[in-house]
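This is the structure I have questions about; it appears just below.
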Amino acid sequence: MTEPSKLPHHGVPEHQPAAGGIAARARAAAGPQYLNGLNPEQREAVETLDGPVLVLAGAGTGKTRVLTTRIAHILSQGRARPHEILSVTFTNKAAREMKLRLGQMLGQAVEGMPWLGTFHSIGGRILRIHAELVQLKSNFTVLDVDDQVRLLKQLLQAENIDDKRWPARMLAGLIDGWKNRGLTPAQVPSGEAAIFGNGKGGKLYASYQERLKILNAADFGDLLLENIRLFRENPDVLRQYQNRFKFILVDEYQDTNVAQYLWLRLLSQAPSRPGVPLSAIIPGDLTSPRLRGDVDARSASGEGDPPQTEIAETTPHPDPLPVKDAEREKAAPIPKNICCVGDDDQSIYGWRGAEVDNILRFEHDFPGAKVIRLERNYRSTGHILAAASHLIAHNEGRLGKTLRTEDVDGEKVTVTGSWDSEEEARAIGEEIEELQRSGENLNEVAILVRASFQMREFEDRFVTLGLPYRVIGGPRFYERAEIRDALAYLRVINSPADDLAFERIVNVPKRGLGDATVQMLHDHARKRRMPLFEAARAVVETDELKPKARGALRDLLLQFDRWRAQREVTAHTELAEIVLDESGYTEMWQKDRSADAAGRLDNLKELVRSMEEFENLQGFLEHISLVMDRDGDASDEAVSLMTLHSAKGLEFDNVFLPGWEEGLFPSQRTLDEQGRAGLEEERRLAHVGLTRARRRAKLYFATNRRIHGTWSTTIPSRFLDELPSANVEITESKGGSGWGGAGGYGPSRFDNVESFGSSYTTPGWQRAQANRNRSQGGRSGQARGGFEESQSSFSGGFSRNKRGPLVIEGELVAKSTGTVSEFSLDDRVFHQKFGYGNVVKIDGNKLTIAFEKAGEKKVVDSFVERV
DNA sequence: CACTGACTCGTTTTT
DNA sequence: CGAGTCAGTG
């Protein structure tokens, strides 16, 4: 997470800027000056240099500050030189932030930290140095998802697998998951490998890896996994790095996946002393036959296992993830100076392979670890912090922290209900305009949504209001089609064997080289075991192609020859311009009449501009896929619109949190798939959302929301119920009366004992209540909350639904899905909004109803009653 | 080979 | 509802 460089607004003395060169006034009597601004816990985290340290840094407690100061401390104490410190983050943004702050703190004293970067960029860097040891060349290409899928599609075809039933994307996801868990093709549990393509999943993974080597390419997962393999198979190389890195720092430890964990484990061991067999530290024999097959991802790591330990005895586990304490303890490393910073309450990437377990078990993994808690929050006012803390306290699997602030209570968190999502957007728009009138900077206003489809409504509204906004997070810069196309041209110039790149642009812009031609090139290439480009050269000489295609292909090849020749005498930025021009690519977009064509041309210019930072084409291509970041406009004043996920690490004075409804937030899908763990992750997401706010946090829920084009009634999120009423204020929607008079729906039961009774009496509450009963009144498809008819059940936990959704410890975690509709064709029904009608079509729980007045509509079945 | 109409399927996202 | 994919046609 990156704390903004901006200081907290409440003038906490601890957060004076560490102005002036630290290096200059090295050590004052009370210690170095850079320590002065720290509170005691932060200071301890900075100064405890020896042995493993876990810093549990709650939201807004100065985590990045601790990390950077710690590095400064190590350096100024002379404990290590810059290149002896390994410091890993997850995102480029975080890495950049740290470099920036470090630079400010140290002045020019220290030039660059070569080993400060993301897991992937550092893994990639190490891999390039030793590429040949993992069957690659040092200029290997890093594939993007698109290339990956294309490659897999080819493999599926070769295996004669129906890619309708077994989509390449799904396989890409599986392989990604395996790599996240540190599993090589041989290590994937056979049962799991079998679930794809009638048992061919494992085989496909293996042949995918083979193909990657042939293409001299690695995917993102490989940057770590191949790195791990490198270390395991080459103990001397590993030892070299263990020797080099005197200190290891890890940011966002709660987000690490198994592969990252294993990688850190390998590096964090002290190098073996003479006399200690290497096998004591590195398993190294993962390739031995007895280890093939179902090997537990973690026990397979086996780092630190004494040689006599029979790894083969490891019980294959049906689920390779759970790790027994005993195994982990057995694998106790020789402690090293590793410092991990994280917050278990902000772990929101479990679905992507992050293992909260890594942080929860730090003390097991690194015996003798010192755990330091940072609980002083310098960001949010009292009510906001209390609400967030109370909410997250509902989670069970936590290390436990209590955030506190010395700030004023400030404004209460507000909860506002509205009739539908449109009214919600209107209400928020008005509130933002009000804030603007009262002098708030729009840069200090953010809307955080659970899912990106929610954004549209706000965009529409803001456009009509003329309110400037920016969407944070969309597709990454280098993921855009035009950027990838341009890169593909450059890749083919740089490396003629890059089949994936060649295939991407053979017919972009259109040159009459369609599927048939490409297919034939493929055949040719496979037969002669040569890259596509070479195959094309050969084919052009024959008359296998129709004259038109043949001519076009020949022209293309000649162009590439020319560009390659020019490469020697032309600056790489200039070359890029020439290529885009001569290939007709620029022209293609200039002719395009669609709305975003202009933006794409801008992006291409931006790409060429960004090339200037690199020495040459080769250097640029090596870094592009790992380091390129979008960003761009941060200058103009605008409201920020983003998902909760991409808000992590940011903070704003005013935070709007719409869509707090069951099914949307917490997300029904997460609940269905992950059960209780999913619920807890959603709750952490809610916690992240609330803790982004400095002064104002505003929650919203709508009673009706259009999902997939059909209207559904929704009920307020259980997270609203979990807020402490003392810190929350229920407000009426200001969005006007979209429906039956004043909007405004009180939230449901607050789980604070004191005075929740009052919320029952508001008209809004009663209306929301009525909706609940109605939606529960029969059809299981939509009976979410499972409330009983009477309100009395609210005082207890969630009451149970008799129809049997997933209930754990009295808490409804997920409703069952896919239930059959209780309606039949031609049923006469009544709908609150549309009146009477007849069912004309049934699709699961979605009904198409011909209403007498409103015409034909699609509605979710719980929305209507049979009459 | 390119274009168009039918069809499906709907989180979160980094690198 | 609407973006993206796919098969069939000009």
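Naming convention: chains lettered A, B, ... in sequence-line order (proteins, then strands); numbering from 1 in each chain.
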ask   = What does Q148(A) touch in the nucleic acid at a heavy-atom separation under 4.0 angstrom: a base, only the sugar-phosphate, or nothing?
value =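 No contact.
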key: Sugar-phosphate only, base, or nothing, as touched by K548(A) at under 4.0 Å among non-hydrogen atoms   =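 No contact.
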request  = Look at all strands and tell whether D219(A) reaches a base, only sugar-phosphate, or nothing, counting heavy atoms closer than 4.0 Å.
outcome  =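 No contact.
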inquiry  = Of the options dT15(B), dA3(C), dT13(B), whose atoms approach the side-chain atoms of T91(A) most closely?
reply    =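 Closest of the options to the side chain of T91(A): dT15(B).
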message = Under 4.0 Å, counting only non-hydrogen atoms across every strand here, what does L513(A) touch: a base, just sugar-phosphate, or nothing?
response =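 If one applies the 4.0 Å heavy-atom cut-off, L513(A) turns out to touch the sugar-phosphate alone, with no base involved.
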task = Consider the side chain of T517(A), meaning its heavy atoms from C-beta on, and name the nucleotide among dT13(B), dC1(B), dG10(B) that approaches it most closely.
result =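 Nearest to the side-chain atoms of T517(A), counting from C-beta on, is dC1(B).
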key: Options dT13(B), dG2(C), dG10(B), nucleotide nearest the side-chain atoms of H708(A)   =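 That would be dG10(B).
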inquiry  = If you assign each of V145(A) and E673(A) to its closest nucleotide in DNA chain B, which residue comes earlier from the 5' end?
reply    =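 Its nearest nucleotide being more 5', the pick is E673(A).
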message = Under a 3.5 Å threshold, yes or no: a donor from one side chain and an acceptor from the other, between Q154(A) and E503(A)?
response =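 The answer is yes; a qualifying pair exists.
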query = Atom CD of Q454(A) and atom P of dT12(B): how far apart are they, to the nearest Å?
reply =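 Between P of dT12(B) and CD of Q454(A): 9 Å.
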request  = Could you give me the CA-CA distance, side-chain angles and deciding distance for Q346(A) and K63(A), then say whether side chain to side chain donor-acceptor pair (under 3.5 Å) is met?
outcome  = CA-CA 13 Å; Q346(A) 289 187 62; K63(A) 169 168 52 158; 5.6 Å; no
task = Among the candidates dT12(B), dT15(B), dC1(B), find the nucleotide nearest to the side-chain atoms of T118(A).
result =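 The nucleotide sitting nearest to the side chain is dT15(B).
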inquiry  = Pairing donors with acceptors under 3.5 angstrom, does anything connect the side chains of Q148(A) and D144(A)?
reply    =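 No, because no side-chain N or O of Q148(A) sits under 3.5 Å from a partner of the opposite role on D144(A).
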query = Contact class for R456(A) vs. all strands (heavy atom < 4.0 Å): base, sugar-phosphate, or nothing?
reply =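 Here R456(A) touches the backbone only, sparing every base.
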ask   = Whole Å only: how far is the CZ atom of R705(A) from the P atom of dC1(C)?
value =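 Value for this atom pair: 18 Å.
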message = Please classify the nucleic acid contact of D515(A) as base, sugar-phosphate, or nothing, using heavy-atom distances under 4.0 Å.
response =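 The residue D515(A) makes sugar-phosphate contact but no base contact.
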inquiry  = Using a 4.0 Å heavy-atom cut-off, does A549(A) contact any base of the nucleic acid, only the sugar-phosphate backbone, or nothing at all?
reply    =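 The answer is nothing, as A549(A) stays clear of every strand by at least 4.0 Å.
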key: Proximity to the side chain of K510(A) - top-ranked nucleotide from dA3(C), dA2(B), dT13(B)   =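 Looking only at side-chain atoms, K510(A) lies closest to dA2(B).
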message = In whole Å, measure the gap between the P atoms of dT13(B) and dG4(C) for me.
response =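 The same atom, P, in both gives a distance of 16 Å.
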query = Heavy atoms under 4.0 Å, any strand shown: does E479(A) hit a base, just sugar-phosphate, or nothing?
reply =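 E479(A): base contact, heavy atoms under 4.0 Å.
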message = Using whole Å, what does the distance between atom C1' of nucleotide dT15(B) and atom CZ of R128(A) come to?
response =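 R128(A) atom CZ is separated from dT15(B) atom C1' by 13 Å.
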query = For W166(A) and dT5(C), what is the distance between atoms CH2 and C1' respectively, to the nearest whole Å?
reply =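 Taking atom C1' of dT5(C) as the reference, CH2 of W166(A) is at 20 Å.
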query = Starting at the 5' end of DNA chain B, which residue's closest nucleotide do you reach first, N507(A) or E681(A)?
reply =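 Result of the comparison: N507(A).
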query = Roughly, in whole Å, what's the span from CG in L553(A) to P in dC1(B)?
reply =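 In whole Å, dC1(B) P and L553(A) CG are 11 Å from each other.
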inquiry  = Is the base of dT12(B) stacked against the aromatic ring of W351(A), taking ring centres under 5.5 Å apart and planes under 30° as the test?
reply    =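 Check passed, W351(A) stacks on base of dT12(B).
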task = Rounded to the nearest angstrom, tell me the gap between atom CG in L650(A) and atom P in dT13(B).
result =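 The answer, rounded to whole Å, is 13 Å.
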inquiry  = Between D357(A) and Y261(A), is the side chain to side chain donor-acceptor pair (under 3.5 Å) condition met? List the steps.
reply    = CA-CA 10 Å; D357(A) 237 34; Y261(A) 165 84; over 6 Å; no
key: Phosphate OP1/OP2 of dT15(B): any S121(A) side-chain N/O under 4.0 Å   =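 Negative; the distance criterion is not met.
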Modelled atom types, side-chain donor and acceptor of N358(A) and Q260(A), under 3.5 Å =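 No pair is found: no donor N or O on one side chain lies under 3.5 Å from an acceptor on the other.
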key: Nearest-Å distance for atom pair CG/P, residues L521(A) and dC1(B)   =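 The distance from CG of L521(A) to P of dC1(B) comes to 10 Å, rounded to the nearest Å.
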key: Residues S717(A), E661(A); criterion side chain to side chain donor-acceptor pair (under 3.5 Å); working and verdict   = CA-CA 4 Å; S717(A) 170; E661(A) 296 132 35; over 6 Å; no
inquiry  = Looking only at side-chain N and O atoms, does Y585(A) offer a donor or acceptor that is under 3.5 Å from a partner on D485(A)?
reply    =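 A pair is found: one side chain offers a donor N or O, the other an acceptor, under 3.5 Å apart.
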key: Value in whole Å for how far the P atom of dT8(B) lies from CZ of R169(A)   =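 About 19 Å, once rounded to whole Å.
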inquiry  = Once you apply a heavy-atom cut-off of 4.0 Å, does S667(A) come out as touching a base, just sugar-phosphate, or nothing?
reply    =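 If one applies the 4.0 Å heavy-atom cut-off, S667(A) turns out to touch a base.
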ask   = In terms of side-chain heavy atoms of S452(A), which of dC1(B), dT12(B), dT13(B) is nearest?
value =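 Of all the options, the side chain of S452(A) is nearest to dT12(B).
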